[in-house]
K.L.:
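Before anything else, here's the structure in question.
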Protein chains: 2
Amino acid sequence: MNRPIRRVTIKQVAEEAGVSTQTVSRVINERPDVAPETRQRVKEVIARLGYQPSSVARSLIQGRTRTLGVVGYGVEYFGPSRNLSGIEQQASEMGYALILDLVRRPEQSNVEHILREMLARHVDGIIWAVPEIGGNREWVTQAPQLPVPLIFLSTQPRPGIAIANVDNRSGGRMATRHLIEQGRRNIGIITGPLSWWEARQRQCGWQDALENAGLPVSEEFVVEGDWSAASGEQGLRMLLERCSRLDAVFASNDQMALGALQAARRAGLRVPEDLAIVGFDDIPEAAYFCPPLTTIRQDMVELGRLAVRELSRMIEASLEGQTTIEPRAILLRPQLIVRESTVPQGNRTYLFRR
Amino acid sequence: MNRPIRRVTIKQVAEEAGVSTQTVSRVINERPDVAPETRQRVKEVIARLGYQPSSVARSLIQGRTRTLGVVGYGVEYFGPSRNLSGIEQQASEMGYALILDLVRRPEQSNVEHILREMLARHVDGIIWAVPEIGGNREWVTQAPQLPVPLIFLSTQPRPGIAIANVDNRSGGRMATRHLIEQGRRNIGIITGPLSWWEARQRQCGWQDALENAGLPVSEEFVVEGDWSAASGEQGLRMLLERCSRLDAVFASNDQMALGALQAARRAGLRVPEDLAIVGFDDIPEAAYFCPPLTTIRQDMVELGRLAVRELSRMIEASLEGQTTIEPRAILLRPQLIVRESTVPQGNRTYLFRR
DNA sequence: GTGAAAGCGCTAACAC
DNA sequence: GTGTTAGCGCTTTCAC
């Protein structure tokens, strides 16, 4: 392996082209005030030497790195991975690079340490894409004091804080309302871990829908899961034990819905005839569950993109010294996807027709 | 929002503490040659001012950023997301930050551009985690000429190139051998897109196993999918049309296996009695398919970790001027996970016992 | 149009 | 132990 010992610097290019480093700088920055022949000559040298300006040196001078810090959790899951993907797409389109930090214990990650790391690397802004769990947002009031703008994802709105969320409550409402419209009356819920703000929001949506329909909301109908298929399976078993009249379940994500489908099968229940099931997320596999799963789709890619655009807006404002910019709260509406786990195949056409 | 206008610099700390910047530098780098009182005083000032050394400035001097560039594809899929997670974990443990670039068209991404970006940001090494597809590795011979080490993931081994792979061929062999051991004789395969090197490897494994068992290998048994559940569904339908004696299928990933399960169900076939199905990946949902899916598990997290460790080794060697270090090819063996899609429930205990 | 000088924030090398 | 000087690679003044 013959690795070039040192990178080519602006100095070498200048020397080789017989000009000052200044002129080279002008050329690489496309400044107008360079003689055409000079420009040409310099460009040739650059190409020949394979010179690449150091963005590290540039950053040092300009106080701006064109880098965003992303603090994420759970890329191995569907939502967060799409989220990251959207963030990367938009950032890349806007000329930002991404520094990625993934936390593994979202409830108790070392916020201080992560922020110091990001700031040491002079990121221009930070996207905090770790879900709000337990008390892991207690430091939120310090965010505005940071030297760079920060936007939170999946976080309870608070005044003065920039936030981008999917409307989980509305999603829970849509799921449950759909079940009610199918004539279901005894509708259970398998929630996510209730320490998660998003899980609680989905539950609130379920409750909203029941109350709007004048149906009773009972503790008996609530089981807490942990997002896993295993917990969904166990969750449905528990609901069935508690309440034999159960005719529908809202599982707060598709994995738990999958587990619930399996539990229903084992209990000898037909889905949707005996028991209707709705999930949340619309993972690609959901359309191939047995039966295909009705669920709530959330556009996590778009959410990521929106977050980057908003953050960029904040960065620009901050660079221009506008201290008055009001942080926005972005809210993305999810969408109901109807499949056979709630509507018997025969009825489906009918449903779409009305 | 009251954002501090400027960051605190070493100069301010020095002034405030009444020492030279040198001394401050010594303190933050934990050098021994500072008087205890001085150290104490400086530390207090640092804490009071909230000073954070600029790694940008440090990088400029030391010619080293403690940053790895990661070029990835498909974080929204199971394998790549785990991969990224493993990379991040290991990098973080070793004190490296990650700069992330996700390509969206892996066959034809602009390699030159991406490398320039990474090098401009002075990454210490690069992990190329885009799968080998079509001719997208034609530039591979240039890798050793780069100013920093680079390791490829999911790439056909080539001399002089550092690589980390799961042994897909062995995985395909394991899957197929398992089907043969279950007494199956007409074993079809739904491959991934054959422009993918990994997909071809899995197919080679299937062929190996058939040949080892003295079974005929026929074109008729091969259908090309695109990794999606939809293609798996269609793939099985095609196989069934072509060959009514078909008694087993190796689907080259779990999504396609899921689609195949659905097609089998619709064709009125019992799984595994009439048709056995094996997948590849062991996504978490696989255990909850209907029936639970036998599959090949690959530890993508570990693969990511291994890649980072190897890259780090190359970086250290390169910094010490050892030009003779021989790039390694890491190969991770996958593992067969037996579930009910290949073994009728009754036989299962028997199988484990022998 | 082009170059010289200064400096971004930090550390290495040397002096005291 | 501590300070001074120089310089990493680049851009920003400000001359000429």
Side-chain angles (χ1 to χ4, degrees), chain A residues 4-43 45-46 49-67 116 119-124 147 319, chain B residues 4-43 45-46 49-67 116 119-124 147 319:
Chain A
I5 308 303
R6 293 195 56 69
R7 292 167 199 274
V8 182
T9 73
I10 198 171
K11 227 179 194 162
Q12 296 169 46
V13 175
E15 210 157 301
E16 189 80 12
V19 295
S20 74
T21 60
Q22 231 18 261
T23 305
V24 179
S25 172
R26 282 178 187 119
V27 171
I28 57 185
N29 289 295
E30 302 285 3
R31 297 283 168 69
D33 50 351
V34 181
E37 317 90 80
T38 315
R39 182 184 302 275
Q40 188 53 35
R41 190 150 37 93
V42 171
K43 281 199 164 172
V45 175
I46 287 176
L49 266 50
Y51 167 69
Q52 171 72 36
S54 157
S55 56
V56 174
R58 275 184 175 163
S59 302
L60 193 56
I61 299 167
Q62 302 178 331
R64 160 158 214 191
T65 51
R66 290 220 141 264
T67 300
R116 292 182 82 84
L119 294 177
R121 289 178 185 275
H122 289 216
V123 296
D124 294 341
L319 287 177
Chain B
I5 308 304
R6 292 197 57 68
R7 292 168 199 275
V8 182
T9 73
I10 198 172
K11 227 179 193 166
Q12 294 169 49
V13 175
E15 210 157 301
E16 188 82 9
V19 295
S20 74
T21 60
Q22 207 30 244
T23 304
V24 178
S25 172
R26 282 181 186 118
V27 171
I28 57 186
N29 288 296
E30 301 285 2
R31 296 285 168 69
D33 50 351
V34 181
E37 319 91 79
T38 315
R39 182 184 301 277
Q40 188 52 36
R41 190 151 37 95
V42 171
K43 282 198 164 172
V45 174
I46 287 175
L49 266 49
Y51 168 69
Q52 171 71 36
S54 157
S55 56
V56 173
R58 277 184 174 161
S59 302
L60 194 56
I61 299 167
Q62 302 177 334
R64 159 159 214 189
T65 51
R66 291 219 141 264
T67 300
R116 291 181 82 84
L119 294 178
R121 289 178 185 273
H122 289 216
V123 295
D124 294 340
L319 287 176

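The basis for the numbers below is simple: all heavy atoms, side chains too, and nothing from hydrogens, waters or symmetry mates. By convention in this document, chain letters (A, B, ...) are assigned in the order of the sequence lines, proteins followed by strands, and residues within each chain are numbered from 1. This one's a predicted model, so the numbers in the text were calculated from it and none came from an experiment.
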K.L.:
Just compare D/dC8, C/dG9, D/dT12 and give me whichever is closest to any side-chain atom of A/K11.
P.N.:
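Ranking D/dC8, C/dG9, D/dT12 by closest atom to the A/K11 side chain puts D/dC8 first.
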K.L.:
With a 3.5 Å cut-off and heavy atoms only, can you find an N or O donor on one side and an acceptor on the other between the side chain of B/R26 and the base of D/dG3?
P.N.:
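Between D/dG3 and B/R26, which were checked side chain against base, a qualifying N/O pair under 3.5 Å is present.
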K.L.:
Of the options D/dT4, C/dG3, D/dG9, whose atoms approach the side-chain atoms of B/S20 most closely?
P.N.:
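Output: D/dT4.
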K.L.:
Would one find a side-chain N or O of B/S25 under 4.0 angstrom from OP1 or OP2 of C/dT11?
P.N.:
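Checking B/S25 against C/dT11: at least one side-chain N or O falls below 4.0 Å of OP1 or OP2.
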K.L.:
Quick check for you: among C/dC8, C/dC10, D/dG3, whose closest atom lies nearest to any side-chain atom of B/I10?
P.N.:
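It is C/dC10.
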K.L.:
Find the distance A/L119:CG to C/dC10:P and express it as a whole number of Å.
P.N.:
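The answer, rounded to whole Å, is 13 Å.
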K.L.:
If you look at every heavy atom in B/T65 and B/V123, which pair is closest and at what distance?
P.N.:
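Closest approach of B/T65 to B/V123, heavy atoms only: OG1-CA, 3.8 Å.
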K.L.:
Which one, D/dT11, D/dC8, D/dG3, comes nearest to the side chain of A/I28?
P.N.:
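Nearest listed nucleotide: D/dT11.
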K.L.:
I need the CG-P distance between A/N29 and D/dT13, as an integer number of Å.
P.N.:
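The answer, rounded to whole Å, is 13 Å.
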K.L.:
Output the distance between atom OG1 (A/T9) and atom NZ (A/K11), rounded to the nearest 0.5 Å.
P.N.:
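If we round to the nearest 0.5 Å, A/T9:OG1 and A/K11:NZ are 7.0 Å apart.
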K.L.:
To the nearest Å, how far apart are B/R39 CZ and D/dT2 C1'?
P.N.:
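That distance rounds to 13 Å.
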K.L.:
For the side chain of B/Q62, counting heavy atoms from C-beta on, which of D/dT12, C/dG9, C/dA12 is nearest?
P.N.:
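Looking only at side-chain atoms, B/Q62 lies closest to C/dA12.
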K.L.:
Between C/dC10, D/dT2, D/dC10, spot the one nearest the side chain of A/R58, thanks.
P.N.:
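It is D/dC10.
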K.L.:
Which comes earlier along DNA chain D counting from the 5' end, the contact point of A/Q52 or that of B/P36, where each point is its nearest nucleotide?
P.N.:
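That would be B/P36.
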K.L.:
Nearest heavy atom decides the nucleotide; on that basis, is B/R31 or B/V56 closer to the 5' end of DNA chain C?
P.N.:
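Counting from the 5' end, the first nearest nucleotide belongs to B/V56.
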K.L.:
Quick check for you: to the nearest 0.5 Å, what is the distance between B/R58 atom CZ and A/L60 atom CG?
P.N.:
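CG of A/L60 is found 13.0 Å from CZ of B/R58.
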K.L.:
Please determine if a side-chain N or O atom of A/T23 lies less than 4.0 Å away from the OP1 or OP2 oxygen of C/dG3.
P.N.:
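Yes, because at least one side-chain N or O of A/T23 sits under 4.0 Å from OP1 or OP2 of C/dG3.
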K.L.:
Whole angstrom is fine here: how far is it from CD in A/E30 over to P in D/dC10?
P.N.:
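Answer to the nearest Å: 16 Å.
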K.L.:
Step by step, work out the side-chain contact (heavy atoms from CB on, under 4.5 Å) result for B/V19 and B/R26.
P.N.:
CA-CA 11 Å; B/V19 295; B/R26 282 181 186 118; over 6 Å; no
K.L.:
Give, for atom CZ of B/R66 and atom OG of B/S59, the distance between the pair rounded to the nearest 0.5 Å.
P.N.:
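The distance works out to 10.5 Å.
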K.L.:
Could you check B/H122 against B/T38 and say which one's nearest nucleotide on DNA chain D is further toward the 5' end?
P.N.:
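The residue whose closest nucleotide sits nearer the 5' end is B/T38.
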K.L.:
In whole Å, what is the span from the CG atom of B/D33 to the P atom of C/dA12?
P.N.:
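Distance, rounded to whole Å: 12 Å.
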K.L.:
What integer distance in Å separates B/I61:CD1 from D/dT5:P?
P.N.:
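After rounding, the reported distance stands at 18 Å.
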K.L.:
Side chain to side chain donor-acceptor pair (under 3.5 Å) for B/T67 and A/R121? Distances and angles first, verdict last.
P.N.:
CA-CA 10 Å; B/T67 300; A/R121 289 178 185 275; 2.7 Å; yes
K.L.:
Give the nucleotide from the list C/dT2, D/dT5, D/dC10 with an atom nearest to the side chain of B/Q22.
P.N.:
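In terms of side-chain proximity for B/Q22, the closest of C/dT2, D/dT5, D/dC10 is D/dT5.
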K.L.:
Check the distance between D/dT2's P and B/E15's CD and give it to me in whole angstrom.
P.N.:
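After rounding, the gap between these two atoms is 18 Å.
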K.L.:
So if I take every side-chain heavy atom of A/A35 and compare against C/dG1, C/dT11, C/dG9, which nucleotide ends up nearest?
P.N.:
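For A/A35, the side-chain atoms sit closest to C/dG1.
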K.L.:
Rounded to whole angstrom units, what separation is found between the CD atom of B/Q12 and the P atom of C/dC8?
P.N.:
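Result: 11 Å.
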